[in-house]
Amino acid sequence: NAMAMNNKPFTVFVEGNIGSGKTTFLEHFRRFEDITLLTEPVEEWRNLKGWNLLDLMYKDTAKWAMTFQSYVSLTMLDMHRRPTPTPVKLMERSLYSARYCFVEHMMRSGTLHPAEFAVLDEWFRFIMNQIQIDADLIVYLKTTPAVVYERIKKRARSEEQCVPLSYIEELHKLHEDWLVNRSHAECPAPVLVIDADLDLSQITEEYKKSEHQILRKAVDVVMR
Ligand SMILES: Cc1cc2cn([C@H]3C[C@H](O)[C@@H](CO)O3)c(=O)nc2[nH]1
């Protein structure tokens with residue numbers, strides 16, 4: 001099949017703020033056997049040899065941001081590099097959102113020391129130069145900070161309960177800069193914006209719209 005020729009799957013990054021419904025969106029595609037789903041390895045961040053790095057990071061961000069973000073980047077790189085047996089690969093977040101949203105925020109807010117930021121940025125640049133990590137499409141689950149803030153409270157993931165609305169607002173602005181204002185030329189993939197403020201009952205229609213776009217584009221790429 002076409003995969004054998006260029007053995008690079010049609011790669012989609014699913015991006016969005018905390019609580020924007022990325023996992024729910026990915027699960028919507030579980031039924032397609034031609035799509036490999038790679039959800040965010042949060043469980044690895046919650047238990048690395050017994051250490052809950054996510055909890056440590058939220059409890060003392062200045063002390064643990066570097067450790068946490070460098071491990072997140074390692075797990076994301078592992079996902080980017082994972083061989084994909086299907087023509088389409090959907091990934092939850094990416095090394096781009098790691099660098100442009102989370103690491104960027106931690107640098108601007110001073111919870112990452114400039115020297116720590118410089119090291120993380122060198123790793124990011126090295127990886128981008130050495131390894132072709134590109135998306136064919138980015139699906140941006142666009143939300144309003146107040147909406148996802150309520151969802152985070154409802155979801156009640158223990159480590160996130162002390163996340164302030166201001167953090168969510170900052171992350172929102174950084175996602176908008178990257179995916180709407182296109183402030184980073186290094187990641188030129190087209191962006192499909194989904195209104196992810198919609199609640200679960202209405203959002204399936206939105207997902208169906210993206211399903212059509214993803215599968216149609218995927219067919220184009222695979223049949224190329
Ligand atoms: C790429 C990337 C994902 C990611 C998630 N997180 C946090 C936000 C959520 O509380 C949790 C799961 O997404 O991890 C982070 O601090 N830094 C990150 N970087």
Side-chain angles (χ1 to χ4, degrees), residues 11-27 37-48 51-82 90-112 116-117 119-121 123-124 127-128 131 133-135 138-141 143 145 147-175 177-179 184 186-187 189 196:
T11 303
V12 182
F13 298 160
V14 180
E15 300 284 359
N17 209 335
I18 303 170
S20 57
K22 292 180 297 304
T23 306
T24 311
F25 179 86
L26 281 153
E27 285 308 316
L37 301 181
L38 293 178
T39 51
E40 209 173 42
V42 185
E43 292 320 309
E44 291 181 50
W45 309 338
R46 290 172 123 169
N47 181 2
L48 168 61
W51 300 105
N52 183 339
L53 299 177
L54 181 67
D55 194 45
L56 288 170
M57 184 275 293
Y58 275 127
K59 285 214 167 77
D60 184 348
T61 312
K63 180 175 170 59
W64 292 101
M66 177 70 182
T67 303
F68 178 71
Q69 288 303 339
S70 46
Y71 187 57
V72 165
S73 297
L74 175 63
T75 58
M76 299 313 286
L77 180 57
D78 169 47
M79 283 170 39
H80 283 298
R81 303 284 293 151
R82 197 159 313 159
L90 257 58
M91 238 182 88
E92 186 175 0
R93 292 225 173 99
S94 63
L95 273 171
Y96 292 101
S97 38
R99 171 64 190 80
Y100 297 149
C101 301
F102 292 94
V103 168
E104 185 68 21
H105 171 71
M106 290 175 173
M107 178 272 288
R108 292 185 187 184
S109 59
T111 50
L112 271 175
E116 292 175 323
F117 171 73
V119 170
L120 288 174
D121 191 50
W123 271 105
F124 177 74
I127 289 170
M128 289 302 140
I131 302 165
I133 288 178
D134 44 13
I138 296 176
V139 173
Y140 173 32
L141 301 184
T143 51
V147 168
V148 291
Y149 185 65
E150 282 317 305
R151 287 188 194 160
I152 292 168
K153 295 281 161 238
K154 238 179 269 144
R155 174 170 71 184
R157 187 183 272 159
S158 59
E159 299 91 342
E160 294 168 350
Q161 288 323 295
C162 55
V163 170
L165 177 57
S166 56
Y167 181 58
I168 303 298
E169 286 166 343
E170 271 304 301
L171 283 179
H172 173 71
K173 273 204 296 271
L174 288 165
H175 278 86
D177 282 351
W178 171 38
L179 297 172
H184 298 285
E186 307 93 320
C187 182

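Count residues from 1 along the sequence. All values reported here derive from a predicted model rather than from experimental measurement. Start at 1 and go down the list; that is how both ligands and their atoms are numbered. Computation of the quantities below employed the complete heavy-atom set of this structure, encompassing side-chain atoms and omitting hydrogens, waters and symmetry-equivalent molecules.
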- Contacts of D60 that satisfy salt bridge (charged side-chain N to carboxylate O under 4.0 Å, His left out) - sequence neighbours left out: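 Not a single residue meets the salt bridge (charged side-chain N to carboxylate O under 4.0 Å, His left out) criterion with D60.
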
Per-pair distances, ligand 1 N/O vs protein N/O, less than 3.5 Å:
unit_1, atom_1, unit_2, atom_2, d
ligand 1, 10 (O), Y58, OH, 2.7
ligand 1, 10 (O), E160, OE2, 2.6
ligand 1, 13 (O), E40, OE1, 2.7
ligand 1, 13 (O), R93, NH1, 3.1
ligand 1, 17 (N), Q69, NE2, 3.0

- Between S97 and E15, a side-chain donor and acceptor under 3.5 Å: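 Side chains of S97 and E15: pair found under 3.5 Å.
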
- Side-chain donor-acceptor pair present, W123, S73, cut-off under 3.5 Å: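 Distance-only check fails for W123 and S73.
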
- Task: Taking all non-hydrogen atoms of both residues into account, name the closest pair between A196 and R151 and its distance.
- Result: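 Closest heavy-atom pair between A196 and R151: O-NH2, 2.7 Å.
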
- Test applied, ring-ring contact (aromatic ring centres under 6.0 Å, His included); reference residue, Y100; option that passes from H175, H184, H105: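 Answer after filtering H175, H184, H105: H184.
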
- More than 12 non-hydrogen atoms from neighbouring residues, nucleotides or ligands closer than 6.0 Å to NZ on K59, yes or no?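 12 or below, so no.
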
